[in-house]
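First the structure, in the form of C-alpha cells, and then the observations on it.
Numbered from 1 within each chain, the chains take letters A, B, ... in sequence-line order. All values below were derived from every heavy atom in this structure, side-chain atoms included, with hydrogens, water molecules and symmetry-related copies excluded.
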There are 2 protein chains.
Amino acid sequence: MAEQADKRQPVEAGGRGAENRERIVAAADRLFYEKGFQATSFSDIADAAGVPKGNFYYYFKTKDALLEGVIDWRRQCLKKLLNSLNVQHDDPRERLMTLLTGLCAGEDDIVRYGCPMGTLSAELCKTGHEMKEQAQSLLETIREWIATQLQAMGRDDAPEFAREILTRSQGVTLLAHAYGDHHLLVEEMARVRHWVSAVLDGQPH
Amino acid sequence: MAEQADKRQPVEAGGRGAENRERIVAAADRLFYEKGFQATSFSDIADAAGVPKGNFYYYFKTKDALLEGVIDWRRQCLKKLLNSLNVQHDDPRERLMTLLTGLCAGEDDIVRYGCPMGTLSAELCKTGHEMKEQAQSLLETIREWIATQLQAMGRDDAPEFAREILTRSQGVTLLAHAYGDHHLLVEEMARVRHWVSAVLDGQPH
DNA sequence: GTCTATAGCCGGATAGAC
DNA sequence: GTCTATCCGGCTATAGAC
C-alpha cells in the first residue's frame, strides 16, 4: 500500500532532547523515503534536520539504529491511520474503500518515490539487511487490517482476498513509480477499487 | 514480470577480449540482481568474475557504463525469450499463458531477489539514476509484447489489459520477495493466470 | 590488452572539549 | 546534551609497468 507516513505529530515524550530526536527521525524518514536507505548519508540528514552530525550518535549508536527508529515511526503513523479509519467509519466496507481511495492522497509522492513500505521492504530484502522483517511487518499489519474488515463483512476468504488486494495495490504503485506515470496510478487504483466492489457485491473472483 | 535473465549465451562478438567482457557483464548482471546496483562493488564483481579490478576500466569507463552494459544484456535476454515464445507457439493466447507460467521457472530467485526488471527499475528511480529510463524500457518491452498478443486475439482493450497483467505480476513478485514466501508466489501467479483466462473467455473485467 | 599499486574521496563512526 | 575535529575503511577511478 502507499499511505504517506504523514501527519507528523511529535509526541514530545520526555521533554527537552526529545525534540531533537524527533527532528532527526523525521528528516531521516523523509530522506530514506525519497532517496532510499543506502543512498542517504548522515550528512544529508544533518543538513535536512539542522542538527550537526556528531550529535546523531547521542541518540542513535549506528545507522541501523536510526533505521529502526524510522521504521518504528512509520509503524506508529500507520497504526494511527488505521485507527482513525476504525473510528471514522462503522461499516467495514466503507473503511476499506476509504483506505483504497486514500492511497491517491499522496499521489505525487508515490509517483516519485513509490510506496514507503513497499520500496523499503524491497531495498532491505535485496541487501539482506537484518531489519527487513521489521519492514515486512508493516506490510503485514496493513494486510491484517484489511483481512479484519473483510472478515467483518462475513467473507470466509478474507486472508487470501486481503493478500490479493495488497498485491494489486503494490503492483500499481511499483509501476506508477517505475513509469513516473500519474495517470497510471489514478486509473489502476480506480480499477482495483472497482474490482473489490464487484467482488464484494457477489461477483466470483 | 519476472523472467530470469538466464540463457546466457555469449555472442563472442569480435573474438579475444570479448570473452573477458562477457565474464564481467555476466558477473555484474548476477550481482546487481542479487545485491542491487549500489550495494555491489567492483571488488565483488572482480571476485565473482575472476578478473582483476583494474582491468574493468579497459572495458567500462565508469560503474554507470557497466550498468548500461548489464541493461543491454538483459534487454537481449528478454528479446530472445519473447522471440522464442513467438516461434514456439502460433496461438497468441498460448504464448501469453506460457509466459505467465514461465514466471515461476525462476521461483527461488524471485523469492530471494525479486523481479530483475522491477527491482532494478525501483532502485534506479529512487536514486534518480540517469539510466532509470533504460530500466523502465525493459518493463515497457514486455508490456508491449503482451499487448501485441492480446490485440492478435482481437481485444480492443489490449493496452490497458496488458498494463493490468503487468501490474498484477509485479505486485505478486514484490510481495513474494518482501515476504520471502514461495507459496505466495506460486498461488498468486496461478490466480493471475486464472483471472486472465476468465477474462479472455468473455468474463467482464 | 592485462594487471598492480595507489590516489582521492566520502562514508560511518569516535574522542573528547564545552 | 551539544558540537568539532578527526580517524579509519571501503569505494570508484587512475597511472603506468608489463
Between C1' on C:dG11 and NZ on A:Lys35, what's the gap in Å once rounded to a whole number? 12 Å
OP1 or OP2 of D:dT2 versus the side-chain N and O atoms of A:Asn20: is any pair under 4.0 Å? yes
Distance in angstrom units between B:Phe42 CZ and C:dT4 P, rounded: 17 Å
Atom-to-atom span, CD1 of A:Ile45 to C1' of C:dC10 - whole angstrom: 15 Å
Given 3.5 Å as the limit, does a donor-acceptor pair link the side chain of A:Glu164 with the main chain of A:Pro159, or not? no
To the nearest 0.5 Å, tell me how far A:Met131 CE sits from A:Cys125 SG. 13.0 Å
Separation of C:dC10 C1' from A:Gln38 CD (nearest whole Å): 16 Å
Is the positively charged end of A:Lys63 above the ring of A:Phe37, judged by distance under 6.0 angstrom from the centroid and angle within 45° of the axis? yes
Starting from C1' on C:dG11, measure out to CG on A:Leu66 and report it in whole angstrom. 15 Å
Strictly below 4.0 Å: does A:Tyr58 bring a side-chain N or O up to OP1 or OP2 of D:dT2? no
B:Thr62 side-chain proximity, nearest of D:dA13, C:dG11, D:dT2: D:dA13
Working to the nearest 0.5 angstrom, can you tell me the gap between B:His89 NE2 and B:Thr98 OG1? 3.5 Å
Short side-chain to backbone donor-acceptor contact, A:Arg75 and A:Ala135, under 3.5 Å: no
Using the rule given for side-chain contact (heavy atoms from CB on, under 4.5 Å), can you reason through B:Thr119 versus B:Tyr113, listing the C-alpha separation, both sets of side-chain angles and the distance that settles it, and then say yes or no? CA-CA 8 Å; B:Thr119 56; B:Tyr113 314 117; over 6 Å; no
Please check this pair: side chain of B:Arg112 against backbone of B:Gly180, looking for a donor-acceptor N/O pair closer than 3.5 Å. no
Rounded to whole angstroms, how far apart are NE2 on A:His129 and P on C:dG12? 12 Å
A:Ser43 has a side chain; which of C:dT2, D:dC11, C:dG11 sits nearest to it? C:dG11
Out of curiosity, B:Phe161 CZ to B:Met153 CE, how far, rounded to the nearest 0.5 Å? 8.0 Å
What is the separation between atom CG on B:Asp47 and atom P on C:dC3, rounded to the nearest whole Å? 14 Å
If I compare all heavy atoms of A:Ile24 with all of A:Phe60, which pair ends up nearest, and what's the gap? CG2-CE1, 4.0 Å
Return the polar atom pairs (N/O with N/O) between nucleotides 7-10 of chain D and the protein under 3.5 Å, or none.
none

How many Å lie between CD1 on A:Ile24 and C1' on D:dT2, as a whole number? 11 Å
Under 4.0 Å from any atom of DNA chain D, heavy atoms only: list the residues of residues 50-57 of chain A that qualify, in numerical order. A:Pro52, A:Gly54, A:Asn55
